[in-house]
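Structure, as C-alpha cells:
In what follows, residues are counted from 1 in the order of the sequence shown.
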Amino acid sequence: MQFNYFVVFGLTIFGFAIMYFGGAWIGMRLAIVGEPIVRRPIKPRQMRSEIKLSLISILIFGLLTVATAYLVNHGLLHVSWTVSWPKLLLEILALFLWNEIHFYISHRLLHTRWLFKHVHYKHHLSTIPTAYSTFSFHYVEALLLGSVLTTALLFYSFSVLSLLTLPLMSLILNVLGHCNLDFFPGRSAQSLLSFTPRHSDHHVRNNGNYGFFLPYFDQMFATSIKEQKSHKHSRHHQG
Ligand SMILES: [Zn+2]
Ligand SMILES: [Zn+2]
C-alpha cells in the first residue's frame, strides 16, 4: 500500500494540533490535583511564544512524516499493516523504550555548547515550563526529536497501529512533564513518578536530568541532578 503525501501531511498536522492544544488545555487544569513545583510566575507572553514555536514544530513533524512515507513508498523503510494483540503490546513497549533512549541521546547532544547556544536555548526560554512548552522547540530540535519514529523503523518494521500510539503516549508524558506540578509530592527524585519535578529541575538548572520519564539513563551515565533535596526544599520558599 502506498501512502498519499498530502493525506499523510494533513493528518499529521491535524492530529498533532488536536493533541497539542487538547493536552495543554487539560494540563493547565491539573493544578487541582498537583502541587506547584516552582511557585514563581512565568514570564509575560511566555505561553504565546511557546504556542508559536510549537506550531512550527508541528509543521516540521508533518514534513518528517511525509519524508518517512516517501522512504516507505520507495521500499527503503518498511511498516507492517497487520498486528496481533500481544505483538502490539510488545511493539508499544519497544517504542516507549526507544523514545526514552532517543530522547536521552538527542537531549545530551542538544546540551553540547554549540547546539545549546543556537538550537536548544529556545526550549529553555521556558525557565518554568508550562503545558504549552511541550513542542516549544527550535525547528532543528523539532527535526531531531521528531525523527524518533523514522529511526525506530531502521531497526524493525513496526505496525502502523503501534507507530500511531507513540505520538499520543509521548504527548501525554510531555504535558505531564512540563506542567510544573508535582502529583506525588514527597516521593524520592529518583522515583519513576517524579519525572515532572526532574524535568522542571532541568529547566531551572539548564543541565542534568537529560532523560524524560525513566531516571535510569541519568543514573547510568551520572547525569542526575544531585542537589534535589535542597533544591526541592527551596522551591517552596520561592515567591
Ligand atoms: Zn534541555
Ligand atoms: Zn522541557
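- Leu97 CG to Tyr216 OH: the interatomic distance, rounded to the nearest 0.5 Å, is 10.5 Å.
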Using the side chain to side chain contact (heavy atoms under 4.5 Å, CB included) rule, take Leu214 and Phe96 through it: C-alpha gap first, then chi angles, then the decisive distance, then the call. CA-CA 10 Å; Leu214 300 175; Phe96 166 77; 4.2 Å; yes
Given Leu173 and Ser170, is the side chain to side chain contact (heavy atoms under 4.5 Å, CB included) satisfied, shown in steps? CA-CA 5 Å; Leu173 291 177; Ser170 165; 6.0 Å; no
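- Taking CE from Met47 and OG1 from Thr130, the interatomic distance works out to 5.5 Å, rounded to the nearest 0.5 Å.
- Closest of all the heavy-atom pairs between Ser194 and Ser188 is OG-O, 2.7 Å.
- Remark: Lys52 NZ is loosely packed, at most 12 non-hydrogen atoms of other residues, nucleotides or ligands lying under 6.0 Å away.
- The closest side-chain donor-acceptor pair between Ser159 and Ser162 falls under 3.5 angstrom.
- Counting heavy atoms from C-beta outward, Leu149 and Trp98 have side chains that stay 4.5 Å or more apart.
- The shortest heavy-atom contact between Arg198 and Ala189 is NH1-O, 2.6 Å.
- With sequence neighbours excluded, no residue forms a side-chain hydrogen bond (donor to acceptor under 3.5 Å, both in side chains) with Glu100.
- Aromatic ring centroids of Phe135 and Phe16 lie under 6.0 Å apart.
- Linking Ile, Leu, Val, Met, Phe, Trp and Tyr residues whenever their side-chain heavy atoms come within less than 4.5 Å leaves Leu89 and Val83 in two separate clusters.
- Proximity of Arg108 to Phe221: side-chain heavy atoms (C-beta onward) are separated by under 4.5 Å at one or more points.
- A tilted orientation is assigned to the rings of Tyr210 and His111, their planes being inclined by 30° to 60°.
- Tyr132 OH to Gln46 CD: the interatomic distance, rounded to the nearest 0.5 Å, is 12.5 Å.
- The environment of CZ in Phe21 is crowded: more than 12 heavy-atom neighbours from other residues, nucleotides or ligands sit within 6.0 Å.
- Ring geometry for His199 against Phe212 counts as tilted: the plane angle lies between 30° and 60°, on a 0 to 90° scale.
- A pairwise comparison of heavy atoms in Thr68 and Leu77 identifies CG2-CD1, 4.2 Å as the closest pair.
- Here the options are His178, Glu50, His203, the test is side chain to side chain donor-acceptor pair (under 3.5 Å), and the partner is Ser126; only Glu50 passes.
- Neither side chain, His123 nor His107, offers a donor N or O lying under 3.5 Å from an acceptor on the other.
- Taking the six-membered ring where the residue is Trp, Phe116 and His124 present tilted rings, their angle falling between 30° and 60°.
- Residue Tyr5 places its OH atom among more than 12 non-hydrogen atoms of other residues, nucleotides or ligands, all under 6.0 Å distant.
- Identified under the side chain to side chain donor-acceptor pair (under 3.5 Å) test for residues 10-22, with sequence neighbours left out: Thr12-Thr65, Tyr20-Ser54.
- A distance-only check finds no donor-acceptor pair linking the side chain of Asp182 to the backbone of Ile37 [under 3.5 Å].
- When side chains are defined from C-beta on, Leu176 counts as touching Phe195, because their heavy atoms get closer than 4.5 Å.
- Contact annotation: the side chain of His102 approaches that of Ser147 to within less than 4.5 Å [non-hydrogen atoms, C-beta and beyond].
- In the hydrophobic clustering of ILVMFWY residues, with side-chain heavy atoms under 4.5 Å counting as a link, Met1 and Val66 come out together.
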Where do Leu153 and Leu163 land on the side chain to side chain contact (heavy atoms under 4.5 Å, CB included) test, with the steps shown first? CA-CA 9 Å; Leu153 289 172; Leu163 290 171; 4.0 Å; yes
Side chain to side chain contact (heavy atoms under 4.5 Å, CB included), that's the test. Do Met169 and Asn99 meet it? Break it down for me. CA-CA 10 Å; Met169 184 160 63; Asn99 191 42; 6.0 Å; no
